[in-house]
Amino acid sequence: MKLLGISGSLRRASFNTALLHAAAELAPAGTELAIHDLHDLPLFDQDVEEQGDPAAVVALKDAIAAADALLLASPEYNGGITGVLKNAIDWASRKGLSREVAPLTGKRVCIIGASPGITGTVRAQDALRLVLRRAGAIAEPQGEVLVFQAHTKIAEGKLVDERTREALGRHLQNFIALVERAS
Ligand code: FNR
């Protein structure tokens, strides 16, 4: 099982990127998690798309297409998802000039998120589910991992809170079981 992890934060000390690294440790045996970096992804521009996808877009789309499923770690900005993540979804929701299907079409996606606040990205996760549905992807499972007060649970890039580690491990297990059942 090949999972592709994407963080909606470009911040060096991002809690959400740290959550992806924890997921790599906690994923069920037989699951590989590769993390795709969005630093080089240009802003979506339909004029650029009409000339052919830039290299960073091709790399993102190829990585999504090659993955069995996605793991998105979403921060919450102003009650929604970050521009960084929305931009990646916008590119990946499109076929571009050279593909028969958009990489996100029918792709199963697991959502996780961390914030220093007390709601732990619940609003961003709801918003992300809606965006993914519109993009033709399938967000699963129904349950949520909401890492609230993340600064008390993530230290030096490591998820150290035991209950959160257990919850994340269970969430990933449920997700992988759904992906396996669907394939
Ligand atoms: C935030 N933050 C934030 N947190 C939250 O729980 N709800 C929110 O609506 C917002 N809004 C918001 C807007 C903007 C522009 C910024 C920069 C930040 C705080 C946010 O959760 C915090 O910066 C996290 O640390 C961001 O995630 P990473 O970078 O640690 O992964």
Side-chain angles (χ1 to χ4, degrees), residues 3-27 31-45 56-57 59-60 63-64 67 69-93 103-104 107-135 137 139-172 174-175:
L3 278 189
L4 185 75
I6 298 176
S7 170
S9 172
L10 302 180
R11 197 167 73 87
R12 216 174 312 117
S14 161
F15 295 128
N16 286 281
T17 306
L19 213 50
L20 280 184
H21 287 289
E25 291 167 22
L26 297 166
T31 308
E32 276 173 37
L33 175 69
I35 297 179
H36 192 89
D37 187 276
L38 296 180
H39 274 92
D40 294 338
L41 195 69
L43 285 176
F44 182 80
D45 179 338
V57 175
L60 173 69
I64 292 175
L70 304 185
L71 177 62
L72 300 184
S74 178
E76 181 171 291
Y77 279 6
N78 297 310
I81 64 174
T82 61
V84 166
L85 185 56
K86 180 65 164 53
N87 185 50
I89 291 170
D90 289 342
W91 278 116
S93 70
L104 274 181
K107 195 64 75 175
R108 287 184 153 70
V109 183
C110 182
I111 299 170
I112 53 179
S115 95
I118 55 167
T119 52
T121 73
V122 68
R123 289 167 296 196
Q125 293 199 22
D126 278 349
L128 182 52
R129 279 177 194 269
L130 194 63
V131 168
L132 288 170
R133 180 148 55 88
R134 291 281 172 191
E140 289 181 324
Q142 283 303 310
E144 289 156 333
V145 170
L146 303 168
V147 184
F148 54 93
Q149 298 185 325
H151 54 294
T152 67
K153 296 169 180 162
I154 295 170
E156 291 170 6
K158 278 206 81 95
L159 179 62
V160 290
D161 183 73
E162 210 38 57
R163 284 181 64 181
T164 309
R165 289 180 71 84
E166 279 165 26
L168 178 57
R170 269 198 311 275
H171 191 61
L172 293 169
N174 292 340
F175 177 64

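Read the numbers this way: they start at 1 and go in the same order the structure lists the ligands and their atoms. Hydrogens, waters and symmetry mates play no part in the numbers below; they use all other heavy atoms, side chains included.
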the protein heavy atom lying closest to atom 9 (O) of ligand 1 turns out to be Gly79 N, 2.9 Å
Is the closest side-chain heavy-atom distance between Val122 and Gln125 below 4.5 Å? no
Of the listed options Arg123, Arg11, His151, Glu76, closest to atom 19 (C) of ligand 1 (non-hydrogen atoms): Glu76
Sub-3.5 Å donor-acceptor pair from the side chain of Thr152 to the main-chain atoms of Gln149, do we have one? yes
Considering only the protein, which heavy-atom contact is closest to atom 24 (C) of ligand 1, and what is its distance? Pro116 CD, 3.7 Å
How far is atom 27 (O) of ligand 1 from its nearest protein heavy atom, and which residue and atom name does that atom have? Asn16 ND2, 3.3 Å
Does the structure place the NZ or CZ of Lys86 under 6.0 Å from the centre of the six-membered ring of Phe44, at an angle of no more than 45° from the ring's axis? no
Per atom 6 (O) of ligand 1, closest listed option by heavy atom (Ser115, Ser7, Ser74, Gly80): Ser115
Given 3.5 Å as the limit, does a donor-acceptor pair link the side chain of Glu144 with the main chain of Ile111, or not? no
Under 3.5 Å, N or O to N or O, is Gly117 touching ligand 1 that way? no
Distance to 0.1 Å, residue and atom name: give those for the protein heavy atom nearest to atom 23 (O) of ligand 1. Tyr77 CE1, 4.7 Å
Give the numbers and elements of all ligand 1 atoms closer than 4.0 Å to a heavy atom of Ser9. 28 (P), 29 (O), 31 (O)
Could you tell me whether the side chain of Lys107 and the main chain of Ala67 form a donor-acceptor pair under 3.5 Å? yes
Which of the numbered atoms in ligand 1 are below 4.0 angstrom from a heavy atom of Phe15? 25 (O), 28 (P), 30 (O), 31 (O)
Nearest protein heavy-atom contact for atom 26 (C) of ligand 1: which residue, which atom, what distance? Pro75 CB, 4.0 Å
Note: heavy atom closest to atom 13 (C) of ligand 1, options Leu20, Asn78, Thr17, belongs to Asn78
Please walk me through it: do Arg108 and Phe175 pass side chain to side chain contact (heavy atoms under 4.5 Å, CB included)? CA-CA 9 Å; Arg108 287 184 153 70; Phe175 177 64; 4.1 Å; yes
Specify the protein heavy atom at minimum distance from atom 31 (O) of ligand 1: its residue, its atom name, and the distance to 0.1 Å. Ser14 OG, 2.6 Å
Between Trp91 (side chain only) and Pro42 (backbone N and O only), is there a donor and an acceptor less than 3.5 Å apart? yes
Output, in order, the C-alpha distance, side-chain angles, deciding distance and verdict of side chain to side chain contact (heavy atoms under 4.5 Å, CB included) for Thr82 and Leu10. CA-CA 10 Å; Thr82 61; Leu10 302 180; over 6 Å; no
